[in-house]
There are 2 protein chains.
Amino acid sequence: MPRIGLDARAVIDAAAELADAEGLDAVTLASLAKRLRVKPPSLYNHLDGLEGVRRALALRALREIDARITRAAVGLAKDEALIAIAAAFRTFAREHPGLYTASLRAPDRGDDELAAAGNEIVAVVASVLAGYGLGNEDALHATRGLRAIIHGFASLEAAGAFGLPLDLDESFRRLLRAFIAGLQPRDG
Amino acid sequence: MPRIGLDARAVIDAAAELADAEGLDAVTLASLAKRLRVKPPSLYNHLDGLEGVRRALALRALREIDARITRAAVGLAKDEALIAIAAAFRTFAREHPGLYTASLRAPDRGDDELAAAGNEIVAVVASVLAGYGLGNEDALHATRGLRAIIHGFASLEAAGAFGLPLDLDESFRRLLRAFIAGLQPRDG
DNA sequence: GCTCAAAACTAATGATATTAGTTTTTAAAC
DNA sequence: GTTTAAAAACTAATATCATTAGTTTTGAGC
């Protein structure tokens, strides 16, 4: 048959566009196939079913986040680096709501590649926090905290949970500021 | 036919149990019907299809969260109240992962009842924050921040994203402490 | 030009949601 | 107590989707 020249990359590209434009739930093998002018079973030549598509989207999202926050933090340290990382993360979630959602719904169940991608992100955050001279345990708690803040804010924002007409950037800035202030060596 | 005595309440009860036990995605009309010893179409007598079930789960979750955090904050103020609310919220998410997920996937699109339930929760948090004597705008930013923290931590925890064997309660406590410290009147 | 693996296809199956229309039960109205 | 009518269950049918099996065709390498 016409041999349309499909490969995994092209399928995932289409899936990512669809997810961002119409939501992750709109990504079905049927909708993907139609968009690629192919019949659904053909997609199995390139990816492992719908689950495979979801996994690939999650992986792409995690790697893109990693690349962005790494780039954002280049040449910066401490507060500046944290702020830059948080901003980059949040920007990604806003620009790619579908991909971002995919990164959250991931199974991770014994999937080393996916876990590794996630760990890369954690490692970037952790390395910045290392600059504060925290102890090992303190640094881990701080990493968790920062993750929770960024993820919490980004996902609520993506869900449209912040209805009020009040500057979101300012809300995020204040939250980060409070967190950063708490990183300074405690003496009370 | 045998008239099994079903009503909306019973259907939602079953859906909630199923969601918590096997995940929200396991809640299908087919699985629900089987559990209730009924054929799938019968469910339409009580709820508006699968979307209706999901909406009902979200509503139940929001109301339960509201009830729990309200109860938790009774007789407390400021830091103690915030900590109690945060703990109650997080406990709910852990005890009812399926319901909690349902509360996040809600559409909210022009659904006044759902929006009202969400606003109740926000109002509880806001009223505690009012005790800090913040200005109007400051209080709104703070409400957003606290929501992000609690939701972020709870959902990452629910997703099993915190792999390390390090005390989660302690991580959460520290995060809250930093946030609370940032609420004190600024003078620098 | 042959060969063969890969990429597309058709056909079929099974799960699901949903709608339409039917039967049966129950409870209220008389 | 009988009638009636709404509600709750059903059966049957349709449509969408994912997935598997098996088939055809293409195109690259020999």
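Note on naming: letters A, B, ... go to the chains in the order of the sequence lines (proteins, then strands), and numbering restarts at 1 for each one.
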Original post:
For A:Leu6 and D:dG27, what is the distance between atoms CG and P respectively, to the nearest whole Å?
Top reply: 15 Å
Considering only distance and modelled atom types, tabulate donor-acceptor pairs under 3.5 Å from the side chains of residues 70-84 of chain B, sequence neighbours left out.
{"residue": "B:Thr70", "atom": "OG1", "partner": "B:Asp66", "partner atom": "O", "Å": "2.7"}
{"residue": "B:Thr70", "atom": "OG1", "partner": "B:Asp66", "partner atom": "OD1", "Å": "3.4"}
{"residue": "B:Asp79", "atom": "OD1", "partner": "B:Tyr132", "partner atom": "OH", "Å": "2.4"}

Original post:
What residues, two or more places apart in sequence or in another chain, satisfy salt bridge (Lys or Arg N to Asp or Glu O under 4.0 Å) together with A:Arg54?
Top reply: A:Glu51
Subject >> Interatomic distance, A:Arg9 CZ vs C:dA7 P [rounded to whole Å] >> reply: 17 Å
**OP:** Could you check how far CG of B:Leu36 sits from C1' of D:dA8, rounded to whole Å?
**Re:** 14 Å
**OP:** Summarise protein proximity over nucleotides 11-17 of chain D in one line of letters, 5' to 3': B for base, S for sugar-phosphate only, - for none, counting protein heavy atoms closer than 4.0 Å.
**Re:** BB----S
Original post:
With sequence neighbours excluded, what pairs up with A:Glu17 under the salt bridge (Lys or Arg N to Asp or Glu O under 4.0 Å) test?
Top reply: A:Arg35
**OP:** Output yes when A:Arg60 and A:Asp13 qualify as a salt bridge under the 4.0 Å nitrogen-oxygen rule, no when they do not.
**Re:** yes
Subject >> A:Tyr44 OH - C:dA8 P separation (whole Å) >> reply: 15 Å
**OP:** Whole angstrom is fine here: how far is it from CG in A:Leu43 over to P in D:dT19?
**Re:** 10 Å
**OP:** Might you work through the side chain to side chain contact (heavy atoms under 4.5 Å, CB included) test for A:Phe153 and A:Phe89, ending with a clear yes or no?
**Re:** CA-CA 10 Å; A:Phe153 200 95; A:Phe89 194 106; over 6 Å; no
**OP:** List in chain and number order the residues that pass salt bridge (Lys or Arg N to Asp or Glu O under 4.0 Å) with A:Glu120, two or more places apart in sequence or in another chain; answer none if no residue qualifies.
**Re:** none
**OP:** Let me know the distance between CG of B:Leu32 and C1' of C:dA15, rounded to the nearest Å.
**Re:** 15 Å
Original post:
Once you round it to whole Å, what is the distance between P of D:dA9 and CG of B:Leu47?
Top reply: 12 Å
Subject >> Partners meeting salt bridge (Lys or Arg N to Asp or Glu O under 4.0 Å) with B:Asp25 (sequence neighbours left out) >> reply: B:Arg105
Original post:
Does A:Asn45 make a side-chain donor-acceptor contact with the base of C:dA8, cut-off 3.5 Å?
Top reply: yes
Subject >> A:His46 side chain near C:dA8 phosphate (N/O to OP1/OP2, under 4.0 Å) >> reply: yes
**OP:** List in chain and number order the residues that pass side chain to side chain donor-acceptor pair (under 3.5 Å) with B:His141, two or more places apart in sequence or in another chain; answer none if no residue qualifies.
**Re:** A:Ser171
Subject >> Interface with DNA chain D, restricted to residues 10-17 of chain A and to heavy atoms under 4.0 Å >> reply: none
Original post:
Sequence neighbours excluded, which residues qualify as side chain to side chain donor-acceptor pair (under 3.5 Å) partners of A:Arg147?
Top reply: none
